[in-house]
Amino acid sequence: MFKKAKVKTILFLSIALFIIFLFFVVIGVSYRMVVSETIASTSAHQKELLHLYRNELDNQMKVLEETAVVISRNADLQAFINNRHEHFSYNRQRNNLHKYLHQVVLSSSMIDSIDIYMDNPPTFDSQYPIRFLSKIDMHSHPKNKEVNEANEVWLGEHDKHLTEEEKVVSYMCKLYSAKGTLKAMLVLNVRTRDFEALFVDRDHHANQRMLVGKNGEAIMAARETDEEVGRIVAEHSFNQGGKRELDQGLAVWSALERADWFLVEVTPWGELTKGGKRITAVLIAISLVAIAGALLFALLLSTAFSKPILQLRQGFVQFGKSQKVNVPIGYQNEFGDLFEGFTEMTKEIHALHQSLEEEHRRKNEADITALQANINPHFLYNTLDQLNWMAIAKGQDEISEVIELMGKMLRIGLSKGKSFIPIADELDHIRYYMQIQQCTKSVDISFEIDVPSELHHYYVPKFTLQPIVENAIVHGFHRRQRGMIDISIRPYKQALQLQVKDDGVGFDQKEPIPRKNGYGLQNVAERLRAFFGEEGTITVYSAIGAGTTVLIEIPQKQTSDWGGVNKYVENGYYRRRRASN
């Protein structure tokens, strides 16, 4: 079916069948499990909420434990508990310690007071939250039993020691010397209401959420745990968390990491089962409406998705029949990319057809030209050879020399049809040309070539220097009786710099170069651009009466191969796509 049916039909039927199947599953389950699902969802929500409160409690308890560690490492406190202070510095150290501990209390939103039980405690101001007590006083502490059983322990709700002002929750850690001797006990007190605010919010009454010890005892006096809650927690204290159905409701608990305490929440059954039937009825009504809307949406969606695919298919059919192709416009998503790509593809195919036809025509012309080229050089060499012997026979030695130089230039110019020749051949071509000019011109034109021998094996496009030298002779030395042309080539990074400099009349670079004077330069510039793209440059420096300098820069090339295709000519489609991006 998937391979034979239409895309629109497949999309619509797939979505519709899935929605109908989902409808029957939801309705069937909702009739039989609405109450249990409500309990499960409520339980999950309570468990997650309890987990968040548990994390908040653990984080705050961890902060207080880390604060206790920092306090225990205070140098002044260590000096006091180990009796390392000198008599004359006793008051200063006591004041510093008292000031430090007072700042700790002020900077913490949780710590209400700090008690330090030690030998020989210093005096303290009872109005301050810092108290220095004797170890003996610990015997009367309400949680003395828990203190004796552990080196560090969280103490549940109790009266603040030696006072009945308020209820507190405390964290106690013992401080030992290097030899293992108990030196002091550090106690951080937190007001019960501040501690309770970490797990009781305004939306829940205090009698619904409580802290219980692993033996079922109440940690916070806000709610005295009844016998059933305490028994369940004690039986399952080995679990980090869980839930249990009780007579009065659903109990969910989660264990704290910092103490052997459990955060428990009890939700009455009346709150869990309230509105069960109404939820079922509403669920059925919503499902029916949702199915109708979903089926309509599935129809519209399948139509919207299949329409551009059918249009693209029609475009392929039209293109195959060589008809005019019309594709939709306005799409800016993946369909738009497909349509744009299809349009560009058809344009590229048409351009390719035209290019193949043009290439076929040029190939035929090139074949004919190649056949003619095999005849013309042979004819020219024979003709020049006959003219040379005729000049020698008539005693015209100067004409004979010119004809011989022309033959040498012709051989270099043809160079077996290659576009690149060695620098040595290019320089020989210039020498032959200059010798002909010296024989035929009435002016005295000298030249100098400065090219290191290690550059002679590099290749350059043929006829790169000759048009520039010809420009210098024809235009630079116009109405001059003598002149000098300097030709040099130097390596520059990964390129070659070719320079032709004359001491001719020069010209004003602000004025446009006349076509008759710039044809040679234009020809060289266009060929360099065709061969090397932006890597081939030609620059002219000139001024009236100061001569002209032409500087050419091309990449270093050690072979005569060009490849026959300009690597700098980009595919038109690729260039347009890249510009649009």
Side-chain angles (χ1 to χ4, degrees), residues 359 362-363 366 369-370 372-374 376-378 380-381 404-437 447-473 485-502 518-541 548-570:
E359 183 179 355
R362 291 182 180 179
K363 183 178 181 300
T369 303
Q372 293 176 346
N374 290 332
N376 292 339
H378 181 72
L380 291 174
Y381 293 150
E404 183 178 357
L405 292 171
M406 283 293 296
K408 293 179 178 179
M409 289 183 63
L410 181 61
R411 286 184 175 87
I412 295 176
L414 294 174
S415 61
K416 298 181 180 180
K418 295 184 177 180
S419 300
F420 288 82
I421 61 175
I423 289 178
D425 290 349
E426 180 74 8
L427 297 179
D428 287 341
H429 188 267
I430 293 297
R431 292 189 183 96
Y432 301 149
Y433 174 77
M434 291 301 300
Q435 291 177 20
I436 292 175
Q437 296 302 315
F447 68 95
E448 182 176 340
I449 297 177
D450 181 15
V451 180
S453 60
E454 60 267 19
L455 300 181
H456 285 184
H457 68 282
Y458 286 99
Y459 284 77
V460 296
K462 62 184 178 183
F463 303 143
T464 299
L465 298 177
Q466 187 272 333
I468 300 174
V469 173
E470 182 179 357
N471 260 3
I473 294 175
I485 298 177
D486 292 323
I487 302 171
S488 64
I489 301 178
R490 291 289 184 272
Y492 177 72
K493 296 182 179 179
Q494 299 299 319
L496 293 175
Q497 287 187 339
L498 294 73
Q499 178 178 283
V500 178
K501 182 179 181 182
D502 66 68
Y519 179 76
L521 291 175
Q522 181 181 357
N523 179 275
V524 173
E526 290 178 355
R527 287 193 295 119
L528 292 179
R529 190 180 303 111
F531 283 127
F532 304 112
E534 296 181 356
E535 296 182 13
T537 62
I538 179 169
T539 309
V540 180
Y541 306 94
T548 301
T549 300
V550 179
L551 183 63
I552 297 174
E553 185 171 315
I554 60 175
Q556 294 181 5
K557 185 175 178 62
Q558 301 190 31
T559 64
S560 62
D561 296 332
W562 174 42
V565 178
N566 187 352
K567 66 179 180 178
Y568 299 97
V569 178
E570 294 181 348

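- Side-chain atoms of Lys557 and Val460, non-hydrogen and from C-beta on, never get closer than 4.5 Å to each other.
- Atoms CD1 and CZ, on Ile473 and Phe447 in that order, are 9.5 Å from each other to the nearest 0.5 Å.
- Contact record, Val524 with Phe463: CG2-O, 4.2 Å, taken as the closest heavy-atom pair.
- Rounded to the nearest 0.5 Å, atoms CD1 (Ile423) and CD (Glu454) are 10.5 Å apart.
- In this structure a side-chain-to-backbone donor-acceptor pair under 3.5 Å is missing from Arg431 to Ile449.
- The shortest side-chain heavy-atom distance between Leu521 and Ile468 falls under the 4.5 Å cut-off.
- Under a 3.5 Å cut-off, the side chain of Glu426 and the backbone N or O of Thr464 do form a donor-acceptor pair.
- In this structure, OG1 in Thr549 is found 7.0 Å from CG in Asp502, a value given to the nearest 0.5 Å.
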Lys462 and Phe420: CA distance, side-chain angles, deciding distance, side chain to side chain contact (heavy atoms under 4.5 Å, CB included) verdict: CA-CA 6 Å; Lys462 62 184 178 183; Phe420 288 82; over 6 Å; no
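- The distance from the CG atom of Leu528 to the CG atom of Asn523 is 9.5 Å, given to the nearest 0.5 Å.
- Contact record, Val451 with His456: O-NE2, 3.7 Å, taken as the closest heavy-atom pair.
- Taking the side chain as every heavy atom from C-beta outward, Leu465 and His429 never approach each other to under 4.5 Å.
- The distance from atom CZ of Arg527 to atom CZ of Phe532, rounded to the nearest 0.5 Å, is 10.0 Å.
- Distance check, rounded to the nearest 0.5 Å: CD of Glu553 to CG of Leu498 gives 10.0 Å.
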For a quick test of your reading: what N or O donor-acceptor pairs under 3.5 Å do the side chains of residues 485-496 make, sequence neighbours left out?
{"from": "Arg490", "atom 1": "NH1", "to": "Asp450", "atom 2": "O", "distance (Å)": "3.2"}
{"from": "Arg490", "atom 1": "NH2", "to": "Asp450", "atom 2": "OD1", "distance (Å)": "3.4"}
{"from": "Arg490", "atom 1": "NH2", "to": "Asp450", "atom 2": "OD2", "distance (Å)": "2.5"}

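- Residues Asn471 and Val550 form no side-chain contact, since every pair of their non-hydrogen atoms from C-beta on lies 4.5 Å or further apart.
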